[in-house]
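See below for the structure under consideration.
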Amino acid sequence: MSAVLRTTTWEISESEDECDSETKTQSVAFIVESVDTQCSDDTTSPTLASTDEPSQDHNLSPPRVPRSKSPCPPLGPGSKSPCPDRKRRSRDHTEAEQLKAKQKRDARDDQRAARAIEKEERKREQQGRKKLAEHMRSLRPENCLKSLTICIDPAVLQHNGSDVLLDRLSTSGWRFVIDSQSLPQTICWTRELAQPGEDGCGSVEEDQVSWVLDLADFIDVVISVKEVLRSDEGPSGQSLLAGMLEFLNGNANKVVTLLVIGSPMNSASAWSAPSLQAQIGMEDLDMEEVMVYLQLYRNVSLSFFRDWQAVTDHLVGVTKALSKRPSRQLAERGGLPFCADGPWASGVQVKKEGAGLRQVWNRQVQQLNRVSVAVATAVTASYPSPHLLLQAYGSLESEEQRRKLLAPLSVTSEGRERRVGPDISSRIYRCLSEPNPEMGLD
């Protein structure tokens, strides 16, 4: 009697049905192998345990396959098709996200570069303002005075009493050097620059040159000038005048000042001193000719001093004036504060046909105290000329009516509307009708 063979019932979960083809093939092979084993053992075992009862032989009952916790096992190295439930991003979506991330990185890089450029610009602006402030401070007279150096020719110190000059310069703390100059017996000034110029030079020479002469040397210069005027030829090569003219020809921008020591009085009025005329042996007319030649033809000024104390005071004044020159040049470089750009700078042009007279009338009304542009415009709009306003005044009977003629006129200013008022109306009336020019309008 053949026994009824029953295969072991397998519980296949939904997740196992969804697994790949390789897993299913292994399960079916395992079932077939179990059935063959049971059929071969049918003669020795009269009955088989029912599938409803648990099997006693572990060889006949295959182990239960545990359920997989994950909906899909991981793909093997030989697998070709991925799990359907796996969240796989498409290539277009990935490329879009990568492009978006790249754009964000580029935007951050651009912002970082823009902030770096802005920071660098602010840094340069701060450095520029700092340099400008330092330059402006260096142009102050007290700072320029520190950058000036007084250059004294050794021949100047051979004069009696010249030690007064050295003592004064040492006491003031000013810088001075004793060095040979191109024109003997002269004193000049040099200024140190805050920044070297284009030629790499760190100092510049001032145009002022003081030529110190005693009375005897000055008489020699006067005689040489008279010879030049008399013969229309140049001075001899050994005279002081010849050396000065040669110096001026090579330095056209220099301004030479003759400081004559030993005159009876200070200033240029020493020309008329009787003692000086007696020493020189010339009349007033001859002296004036010498002065005209030096000042007009050679741009050489003359100053007479009694002693070295007066010469020292003069040189100190020249040094202080040179220290103020940079700041004054900077102030003069700007425009005039009262000539602003606009219609007020050029005025109003009146043509032959009368165009522009109304603008002139408007400007005349604005010249009155406390009369704004809006008030003047309202008055000139109602009465385009002074003649029309005078006619309106003449048509009124009483003085009170004339004073209040312009009071009710409407004025629009900054979006608000108001009236001219009796005060301004009365002042305009007095301006046009008052016969006394000394009478105040207010």
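From a predicted model like this one, the values you see are computed outputs, not experimental measurements. When reading the values below, keep in mind they use all heavy atoms of this one structure, side chains included, and skip hydrogens, waters and symmetry mates. We're numbering straight along the sequence, starting at 1.
Rounding to the nearest 0.5 angstrom, the gap separating the CD atom in Glu399 from the CD atom in Gln401 is 10.5 Å. Atom-to-atom distance recorded for Arg124:CZ and Arg129:CZ is 12.5 Å, nearest 0.5 angstrom. Here the OG atom belonging to Ser172 is positioned 10.5 Å from the CG atom belonging to Asp167, to the nearest 0.5 angstrom. With values rounded to the nearest 0.5 angstrom, Leu432 atom CG is found 9.0 Å from Gln364 atom CD. Distance CZ/Arg363 to CD/Gln367: 9.5 Å, rounded to 0.5 Å. Here CG of Leu258 is found 10.5 Å from CD of Gln185. Values are rounded to the nearest 0.5 Å.
Residues Thr190 and Glu205 bring no donor and acceptor atom of their side chains to less than 3.5 Å of each other. Using modelled atom types and a 3.5 Å distance limit, the side chains of Thr312 and Arg168 yield no donor-acceptor pair. The closest side-chain donor-acceptor pair between Tyr383 and Gln391, if any, does not fall under 3.5 angstrom. For Trp361 and Ser385, the side-chain atoms include no donor-acceptor pair closer than 3.5 Å. The closest side-chain donor-acceptor pair between Thr257 and Ser301 falls under 3.5 angstrom. A donor-acceptor pair shorter than 3.5 Å can be found between the side chains of Asn362 and Gln366.
The number of heavy-atom neighbours closer than 6.0 Å to CZ of Arg416, taken from other residues, nucleotides and ligands shown, is 12 or below. Around CG of Asn160, the count of heavy atoms belonging to other residues, nucleotides or ligands within 6.0 Å does not exceed 12. Residue-environment remark: CD (Glu417) exceeds the threshold of 12 foreign heavy atoms within 6.0 Å. A 6.0 Å sphere centred on CD of Glu246 holds no more than 12 heavy atoms belonging to other residues, nucleotides or ligands.
Taking each heavy atom of Val365 and Val371 in turn, the nearest pair found is O-CG1, 3.4 Å. The minimum heavy-atom distance linking Arg306 with Ile261 is given by the pair O-CG2, 4.5 Å. When all heavy atoms are compared, the tightest approach of Arg419 to Ser410 is NH1-CB, 3.7 Å. Between Ile152 and Val156, the closest heavy-atom pair is CG2-CB, 4.0 Å. Residue Leu330 comes nearest to Met136 through the heavy atom pair CD2-CE, 3.2 Å, listed as atom of the first residue, atom of the second, then distance. The two residues Val164 and Gln309 make their nearest non-hydrogen contact at CG1-OE1, 3.3 Å.
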Kindly indicate, with the supporting measurements, whether the criterion side-chain contact (heavy atoms from CB on, under 4.5 Å) is fulfilled by Trp308 and Val212.
CA-CA 10 Å; Trp308 265 98; Val212 182; 3.9 Å; yes
Could you walk me through whether Glu289 and Lys226 pass the side-chain contact (heavy atoms from CB on, under 4.5 Å) check?
CA-CA 8 Å; Glu289 290 179 356; Lys226 291 299 294 182; 2.9 Å; yes
Applying side-chain hydrogen bond (donor to acceptor under 3.5 Å, both in side chains), run through Thr319 and Trp189 and close with a yes or a no.
CA-CA 8 Å; Thr319 305; Trp189 290 262; 3.0 Å; yes
Can Ser210 and Leu315 be said to form a side-chain contact (heavy atoms from CB on, under 4.5 Å), step by step?
CA-CA 8 Å; Ser210 296; Leu315 294 175; 3.8 Å; yes
Leu240 and Trp211: CA distance, side-chain angles, deciding distance, side-chain contact (heavy atoms from CB on, under 4.5 Å) verdict
CA-CA 11 Å; Leu240 295 175; Trp211 193 16; 3.9 Å; yes
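With respect to Ile187, the side chain to side chain contact (heavy atoms under 4.5 Å, CB included) criterion is satisfied by exactly one of Val209, Leu165, Leu259: Leu165. Only one option out of Glu400, Arg403, Lys404, Arg402 pairs with Ser426 in a side chain to side chain donor-acceptor pair (under 3.5 Å); it is Arg403.
A donor-acceptor pair is defined here as one N or O able to donate and one able to accept, closer than 3.5 Å; such a pair exists between the side chain of Ser162 and the backbone of Leu157. With hydrogens and angles ignored, the 3.5 Å screen pairs no side-chain donor or acceptor of Asp153 with any backbone N or O of Thr186. Panel note: side chain Ser425, backbone Gly421; no donor-acceptor pair is recorded below 3.5 Å. No donor-acceptor pair closer than 3.5 Å links the side chain of Ser382 to the backbone N or O of Val379. A donor-acceptor pair is defined here as one N or O able to donate and one able to accept, closer than 3.5 Å; no such pair exists between the side chain of Arg191 and the backbone of Val204. Looking only at distances, no side-chain donor or acceptor of Asn251 sits under 3.5 Å from a matching main-chain atom of Asn253. Although no hydrogens or angles enter the test, the distance criterion places a donor-acceptor pair under 3.5 Å between the side chain of Ser395 and the main chain of Ala392. Listed for the Asn249 side chain is a donor-acceptor partner under 3.5 Å among the backbone atoms of Leu245.
One finds no salt bridge joining Lys146 and Glu192 here, because no Lys/Arg side-chain nitrogen approaches an Asp/Glu carboxylate oxygen to under 4.0 Å. With salt bridges taken as basic N to acidic carboxylate O contacts below 4.0 Å, none links Arg105 and Asp110.
In this structure the side chain of Arg370 reaches within 4.5 angstrom of the side chain of Asp423, judged on heavy atoms. Side chains of Ile150 and Arg175 form no contact here, defined as non-hydrogen atoms less than 4.5 Å apart. Here the side chains of Ser203 and Leu193 are not in contact, with every heavy-atom distance at 4.5 Å or above. Residues Lys100 and Lys104 form a side-chain contact, since some pair of their non-hydrogen atoms from C-beta on lies under 4.5 Å apart. You'll find the side chain of Cys151 stays beyond 4.5 Å of the side chain of Asp179, heavy atoms only. Proximity of Leu405 to Leu396: side-chain heavy atoms (C-beta onward) are separated by under 4.5 Å at one or more points. Between Gln103 and Leu99 there is a side-chain heavy-atom pair separated by less than 4.5 Å. By the 4.5 Å heavy-atom criterion applied to side chains, Leu388 and Tyr393 are not counted as neighbours.
Partners of Phe247 under the ring-ring contact (aromatic ring centres under 6.0 Å, His included) rule, at least two apart in sequence or in another chain, do not exist in this structure.
Residue pairs meeting the salt bridge (charged side-chain N to carboxylate O under 4.0 Å, His left out) criterion with at least one member in residues 291-305, sequence neighbours excluded, do not occur.
Note on ring orientation: taking the six-membered ring where Trp is involved, the planes of His314 and Phe305 are tilted (angle from 30° to 60°). By the 30° and 60° cut-offs, the orientation of the rings of Phe218 relative to Phe304 is perpendicular.
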